[in-house]
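None of these values were measured; they are calculated from a predicted model.
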Amino acid sequence: RERTLLLARITPAAAVPHLRSLMTRTPSDYDAAYALSQIYMDQGRHEQSLVVIDEALKHLPDEMRLRILRVQSLVAAGKIRSAMSALDELSMNESKERPNDSSASFVRSLMTLKRMNQAIAEARTLYESSPLNSESGFLLAESLATNQDEQEAISIVNAIDSADPDFPSR
């Protein structure tokens, strides 16, 4: 298992048969499902990515990272209405239930689907929960700037720079 996951990072295409075998043996293996679906997404094989995610979600229905990856796969496959429905489902969950890395992906999915008010609200919640986290601050600034609120975006970046002068501005 560990060798296969390492292989997925080094030579993704070569890892596909091993990951598929691992998924057959252990369909609830989150790491294998995520790695395989991500490889398929990177290869532009969005339908196959969705098949892997949907199968894994049968065994891991509460795995937020897979649910967010599903939204991203739907967007990449051009299934915008399905992506919006899946995103609405995710929105029903409290943001506190999402790990920070999933929350960031969720915000990016909202931005991709042009749901800027919701993206800003989620990014603001994430930033306020960890104001010393530069990544969450830059995510908020990015969502604000995308929504044409450059003034507040600049003030967020300035606050981050003053709190952590060693962190490079983007």
> How far apart are the closest heavy atoms of Met23 and Leu36, and which atoms are they?
Replying inline: CG-CD2, 4.2 Å

>> Hydrophobic clustering (ILVMFWY, side-chain heavy atoms < 4.5 Å, transitive) - are Tyr40 and Leu50 grouped together?
In response: no

>> Between Glu89 and Arg70, does the salt bridge (charged side-chain N to carboxylate O under 4.0 Å, His left out) criterion hold? Intermediate values first, please.
In response: CA-CA 12 Å; Glu89 250 181 63; Arg70 185 173 188 279; over 6 Å; no

>> Checking the side chain of Thr125 only, and the main-chain atoms of Ala121 only, is there a donor and an acceptor separated by less than 3.5 Å?
In response: yes

> Does one side chain, of Ser49 or Arg45, offer a donor that lies under 3.5 Å from an acceptor on the other?
Replying inline: no

> What are the two closest heavy atoms between Ser37 and Leu69, and how far apart are they?
Replying inline: OG-CD2, 3.0 Å

>> Determine whether His59 and Asp29 satisfy the following criterion, side-chain contact (heavy atoms from CB on, under 4.5 Å), listing intermediate values before the conclusion.
In response: CA-CA 9 Å; His59 304 279; Asp29 188 323; over 6 Å; no

> Could you give the distance from CG (Leu74) to OG (Ser109), rounded to the nearest 0.5 Å?
Replying inline: 10.0 Å

>> Could you check whether any side-chain heavy atom of Leu140 comes within less than 4.5 Å of a side-chain heavy atom of Leu126, counting everything from C-beta outward?
In response: no

> Going from CZ on Arg67 to CG on Leu60, what distance comes out if it is rounded to the nearest 0.5 angstrom?
Replying inline: 12.0 Å

>> If you compare all heavy atoms of Val107 against all heavy atoms of Ala119, which two are closest, and at what distance to 0.1 Å?
In response: CG1-O, 3.8 Å

> Is it true that Val75 and Ile68 fall in one hydrophobic cluster, defined by side-chain heavy atoms closer than 4.5 Å?
Replying inline: yes

> Taking all atoms of both residues into account, what is the closest heavy-atom pair of Val157 and Ala141, and its distance?
Replying inline: CG2-CB, 3.8 Å

>> Surrounding CZ of Arg20 (heavy atoms of other residues, nucleotides or ligands, distance under 6.0 Å), is the total greater than 12?
In response: no

>> Assigning hydrophobic clusters by single linkage (Ile, Leu, Val, Met, Phe, Trp, Tyr; side-chain heavy-atom cutoff under 4.5 Å), is Leu110 placed with Met64?
In response: yes

>> Checking Gln43 against Gln48 for the side-chain contact (heavy atoms from CB on, under 4.5 Å) test, could you report, in this order, the C-alpha distance in whole Å, the side-chain angles of both residues, the deciding distance, and whether it holds?
In response: CA-CA 10 Å; Gln43 294 175 341; Gln48 287 173 296; 6.0 Å; no

> So how far is it from Ile156 CD1 to Ile154 CD1, rounded to the nearest 0.5 Å?
Replying inline: 11.5 Å

> Between Glu47 and Lys79, does a salt bridge (charged side-chain N to carboxylate O under 4.0 Å, His left out) hold up when you go through it step by step?
Replying inline: CA-CA 10 Å; Glu47 293 298 327; Lys79 298 180 176 188; 3.1 Å; yes

>> Pair Met84, Arg115 - check side-chain contact (heavy atoms from CB on, under 4.5 Å), show working.
In response: CA-CA 10 Å; Met84 292 180 104; Arg115 291 181 156 185; 3.7 Å; yes

>> Using the rule given for side-chain contact (heavy atoms from CB on, under 4.5 Å), can you reason through Ile53 versus Glu55, listing the C-alpha separation, both sets of side-chain angles and the distance that settles it, and then say yes or no?
In response: CA-CA 5 Å; Ile53 293 167; Glu55 184 60 33; over 6 Å; no

> Going from CZ on Arg108 to CG on Leu139, what distance comes out if it is rounded to the nearest 0.5 angstrom?
Replying inline: 5.0 Å

> At their closest point, which heavy atom of Tyr127 faces which heavy atom of Gly137, and how far apart are they?
Replying inline: CD1-CA, 3.3 Å

>> I need the Tyr30 OH to Leu57 CG distance, nearest 0.5 Å.
In response: 10.5 Å

>> How long is the straight-line distance from CZ of Arg124 back to OG of Ser143, given to the nearest 0.5 Å?
In response: 8.0 Å

> Which atom pair, heavy atoms only, marks the closest approach of Glu150 to Ala145?
Replying inline: OE2-O, 4.0 Å

